[in-house]
Q: 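Sending over a structure as structure tokens; questions will come in a sec.
The figures here come from the full heavy-atom set of this structure, side chains too, leaving out hydrogens, waters and symmetry mates. For ligands, and for the atoms within them, numbers begin at 1 and follow the listed sequence.
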Amino acid sequence: MSKEKSEAKKLQEKLFDKKKHLGLIMSDEEIKESFDFCEGYKKFLDNAKTERAAVKTAVEMAEKRGFTEYKRDEKLKAGDKIYFVNRGKAVILAIIGTESVEKGLRVTAAHIDSPRIDLKQNPLYEENELALFKTHYYGGIKKYQWTAVPLALHGVMIKKDGEILNINIGEDDNEPVFCISDLLPHLAAEQYKRHLGDGIKGEELNVIVGSMPFRDDEISDKVKLGIMSLLNEKYGITEADFTSAELELVPAHKARDIGFDRSMVGSYGQDDRVCAYVSLKALLDCKKEKVKKTSMVVLADKEETGSDGNTGLKSAYLRYFIYDIAAALGADGRDVISNSECLSADVNAAFDPTFPDVLDKRNAAYLNKGVCVTKFTGSRGKSGTSDASAEFMGRIRVLLDKNKVIWQTGELGKVDLGGGGTVAAYLANLNMDVIDIGVPVLSMHSPLEITAKTDIYMTYKAVQAFIKDS
Ligand code: MN
Ligand code: MN
């Protein structure tokens, strides 16, 4: 026989804020929906391993839903679905709403670049009859995690005659992959004495790309010549073409389910393609008649290196695009921007029971507790954050509750322990209201980041609610 709840227990339930596991709150159907949703997400991850591939994939998905490329000065009307690609590495998608655009936009911004290993401009060399690439890592990585894992090569080369060569080697099971070697433990006594951060140094991230010599007795660098002659035969390139290239090495493995219960996704590049995917899906899945506020999804590049550069969100391209749309709809761009609301959709650190000391357990985000709403990021005394206002936090909180989106708060580590930022600050600097929301991630920036399917689904629902709410 169940006992009556005590008065204190009832009062506690009424007054305390206790976040529950989504597995205890969501219905069976909703959990199944979230698992099904992630099948499409995993495909996206496999097809969008670089910013260029993500733009291509996003545009293909958008065109299937009736989005067309927007050119400046083209007329616009409610219901129009448009996109704009910036240099093949960033894309803005929008649905024109029924309400005057001067009342503001609903902007959701995520980033599609992820930490990786870039090639240097003179990468190819031979040492002791092995051919290798010199590299320079991109974004914050723990370098030792990138050795002894299969890597695929992606990117573009611009040949002397201007021809653009797209490279994609190592994703197909029949193709070769590349690898950064590490020292065998038997001989690692000196390496073990290094600090973990120096376990593998930047200049040791050398990628093995070949070992067979060009058959000739006269010349040196026979293995390098063997590789160059292969590349020349296949792509018509010479060594100098590497100087005008952007070539990126990423883990060659595919996105997989994690756990006996398949409740999690393990993949490279979930920071921040998870938020990119849910934001894109939320916009594409909208019935255009339902969109009152003009809604935009920005998939940006260069977040992992600080958002500088013409495809990063410190660039003027988003502002220019908003001004163009404002002009096409007869509105003042300044009013449009100033009245806009923005979700900076990016991942946050999930509490890891193996490393409990780095997060304040009362303020950390947890797997399976819903979309993480982060009021501020930054380091030390909130340096580098836009810090959403209580008013905007309040507005988003009510919006999520109203739409039955389960959410939690999060922070990027204990005070003074580290920190980090997102694109939120650069959007807020335009004079929009901005808050960070996103999916909690384990092993962030590693070759195999882990997320929970229920959180991914709740983040999708959060962006959908934000777009549809008026
Ligand atoms: Mn991120
Ligand atoms: Mn990141």
Q: Can you find a side-chain donor-acceptor pair between E63 and Y83 that sits under 3.5 Å?
A: yes
Q: State the atom name: nearest N, O or S atom of D346 to the Mn ion (ligand 1).
A: OD1
Q: Counting only heavy atoms not in K143 (residues, nucleotides, ligands), do more than 12 fall under 6.0 Å from its NZ?
A: yes
Q: Rounded to the nearest 0.5 Å, what separates atom NZ in K281 from atom OG1 in T459?
A: 15.0 Å
Q: Between E411 and K375, does any NZ, NE, NH1 or NH2 come within less than 4.0 Å of an OD or OE carboxylate oxygen?
A: no
Q: Starting from the Mn ion (ligand 2), look over the N/O/S atoms of H445 and name the nearest one.
A: NE2
Q: Of all the N, O or S atoms in E304, which one sits nearest to the Mn ion (ligand 2)?
A: OE2
Q: For the metal site, I want the angle between atom NE2 of H111 and atom OD1 of D271 with the Mn ion (ligand 1) at the apex, to 10°.
A: 90°
